[in-house]
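Report on the following structure.
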Protein chains: 2
Amino acid sequence: MRRGRSAEGRAEVRRDLVTAAVDLFTDKGYDETTVDDIAAAAGVGRRTFFRYFAGKEDAVSPDHDLGLARIAAVFAEAHPTEPLSSVVLRAAETVFDLYLTDVQTARKRFALVHRVPALRDREAAMVHRYRRLFTRELSARLADVPDGDLRAAVTGAAVVAAHNQALRRWLADGATAEGARECVTHFRKVSGMLPLDAPLGLEDVTRRLERAARNLERLSS
Amino acid sequence: MRRGRSAEGRAEVRRDLVTAAVDLFTDKGYDETTVDDIAAAAGVGRRTFFRYFAGKEDAVSPDHDLGLARIAAVFAEAHPTEPLSSVVLRAAETVFDLYLTDVQTARKRFALVHRVPALRDREAAMVHRYRRLFTRELSARLADVPDGDLRAAVTGAAVVAAHNQALRRWLADGATAEGARECVTHFRKVSGMLPLDAPLGLEDVTRRLERAARNLERLSS
DNA sequence: AGGTTAACGGCACTGCGTGCCATCTCACAA
DNA sequence: TTGTGAGATGGCACGCAGTGCCGTTAACCT
């Protein structure tokens with residue numbers, strides 16, 4: 001074979017497969033494109049395709065694992081005294097960069113995902129994972145707040161929904177480079193809609209302060 | 001054949017297929033169960049299975065179309081002057097009955113859906129449809145409110161998330177009959193977390209009143 | 001009784017996803 | 001330089017999902 005164990009070779013094959021899949025799906029349709037077509041267009045065997053992607057649907061939007069990792073990193077490295085709404089906003093905004101850079105690719109993927117039912121469902125499953133990650137991290141940090149699990153679920157869903165809505169609006173408005181800043185600004189308006197610190201009693205505040213102090217102590221040890 | 005065009009016969013076959021699928025999935029596993037097994041256990045041919053369900057995953061939880069129809073009906077029949085938060089709550093609560101009645105079935109489905117990845121993704125796609133329906137209905141009713149689309153997206157996601165969180169909590173707490181009332185009560189707490197009427201200026205209020213008057217006039221004609 | 005309609009079952013076909021194995025290339029060591 | 005092990009590949013074959021097609025059968029209608 002022409003490639004050994006080179007990591008650059010793997011990334012190159014992966015990119016070729018993604019572009020071939022997106023082009024073929026856009027050109028002749030999703031159902032009319034077989035995995036053999038994608039592999040042949042990328043110059044590899046059919047068996048190799050399934051070594052890079054778990055299924056035909058995964059050839060589009062292969063960056064979701066990176067987005068999930070970034071969110072988890074923001075939560076893991078956040079200072080214990082930083083307000084939750086700030087952490088949540090920062091975590092969600094790290095995902096924007098995955099879309100706002102390759103504008104052409106983002107537009108093609110968006111059109112594909114929202115035309116093909118199989119890709120729509122796949123995207124929904126991915127959004128579900130984002131929501132679950134947010135909810136889990138928030139739930140752990142709202143353990144001693146009344147209805148913490150409910151607030152975590154609502155906040156996670158709200159943040160993910162606002163993120164997708166801002167992205168959708170940006171794409172519908174032409175996906176310009178200067179629109180990217182306004183996209184993030186628009187998304188940040190969600191911070192006023194989150195049920196995080198609004199109706200807390202005095203004892204809740206003291207509990208949260210004590211918890212923050214414990215976290216701070218644990219972190220500095 | 002033993003069944004003609006009888007509607008009762010169709011519903012009976014459908015129930016047999018669902019119970020056979022759930023039992024087989026629970027017993028020998030999802031991947032280890034073929035559609036042939038389900039059809040044979042229900043006493044019908046393999047081809048007939050695909051006349052009742054679009055795929056193997058749809059044999060579990062076949063009531064989602066009914067839930068979507070109920071939500072759409074609540075929105076369609078709501079009085080134009082009813083507050084949006086009230087309509088949203090009522091719409092979501094109509095879906096609870098789909099789960100709170102058959103407790104045993106709900107428990108089995110829950111365990112299955114959250115164990116099998118394919119069924120999890122299918123459920124996520126269904127939740128996505130619920131969220132889209134809520135968001136669409138809300139977006140049309142928040143057209144003349146600042147950031148109406150964002151509020152609609154956040155509210156739809158929050159309501160669906162709270163619904164699922166309440167249902168999950170109820171199932172985790174044993175899924176008792178008396179717990180059903182508390183499940184709905186718990187869900188209703190989401191009404192205080194929705195960005196619907198909170199920060200509205202005077203001109204927004206007058207706009208909404210004018211819109212309600214227009215809707216009322218259109219409805220009475 | 002004869003015709004119509006709708007559901008069913010069987011058959012064959014395409015394509016996805018996977019296990020298995022032989023082959024090739026690169027890296028590293030003797 | 002040559003051998004060796006590990007990673008990557010491609011081909012082959014298999015099971016199964018989903019679909020189109022068609023003959024058959026049972027219920028309904030006139």
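Sequence lines set the chain letters: A, B, ... in the order given, protein chains first and strands last, and positions in each chain run from 1.
Annotation: proximity of residues 24-41 of chain B to DNA chain D (heavy atom, distance under 4.0 Å) is found for B/Thr33, B/Thr34, B/Val35, numbered in ascending order.
Applying the ring-ring contact (aromatic ring centres under 6.0 Å, His included) test to B/Phe49 and every residue at least two apart in sequence or in another chain returns B/Phe53.
C/dG17 atom P lies 10 Å from atom CZ of A/Arg122, rounded to whole Å. Rounded to whole angstrom, the span from the CZ atom of B/Arg10 across to the P atom of C/dT5 amounts to 18 Å. With rounding to whole Å, B/Phe50 atom CZ is found 15 Å from C/dC8 atom C1'. Going from atom NZ of B/Lys56 over to atom P of C/dG17 covers 14 Å, rounded to whole Å. Between B/Glu12 atom CD and C/dA7 atom P the separation is 15 Å, expressed in whole Å. We find that CZ of B/Phe49 is positioned 16 Å from P of C/dG10, with the value rounded to whole Å.
By the 30° and 60° cut-offs, the orientation of the rings of A/Phe96 relative to A/His163 is parallel.
For the pair A/Thr48 and D/dT9, the criterion of a side-chain N or O lying under 4.0 Å from OP1 or OP2 is not met.
In this structure, B/Lys56 forms a cation-pi arrangement with B/Tyr30, its terminal cationic atom sitting closer than 6.0 Å to the ring centre and no more than 45° off the ring axis. With a 6.0 Å cutoff to the six-membered ring centre and a 45° limit on the axis angle, B/Arg10 counts as a cation-pi contact of B/Tyr52.
For B/Arg51, whose side chain is taken as the heavy atoms from C-beta onward, the closest listed nucleotide among D/dT9, D/dA17, D/dC21 is D/dC21. If you check C/dC8, C/dG19, C/dG10 against the side chain of A/Arg47, the one that comes closest is C/dG19. In the set D/dA8, C/dC16, D/dG18, D/dG18 carries the atom at the smallest distance from any side-chain atom of B/Arg46.
For CZ of A/Arg115, the number of neighbouring non-hydrogen atoms (other residues, nucleotides, ligands) closer than 6.0 Å is 12 at most. Other residues, nucleotides and ligands contribute over 12 non-hydrogen atoms within 6.0 Å of the CZ atom of B/Arg70.
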Could you list the donor-acceptor pairs under 3.5 angstrom formed by side chains in residues 167-175 of chain A, with sequence neighbours left out?
{"from": "A/Arg169", "atom 1": "NH2", "to": "A/Glu182", "atom 2": "OE2", "distance (Å)": "3.1"}
{"from": "A/Trp170", "atom 1": "NE1", "to": "A/Thr176", "atom 2": "O", "distance (Å)": "2.9"}

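Heavy atoms of A/Tyr52 sit under 4.0 angstrom from primed sugar atoms or phosphate atoms, though from no base atom.
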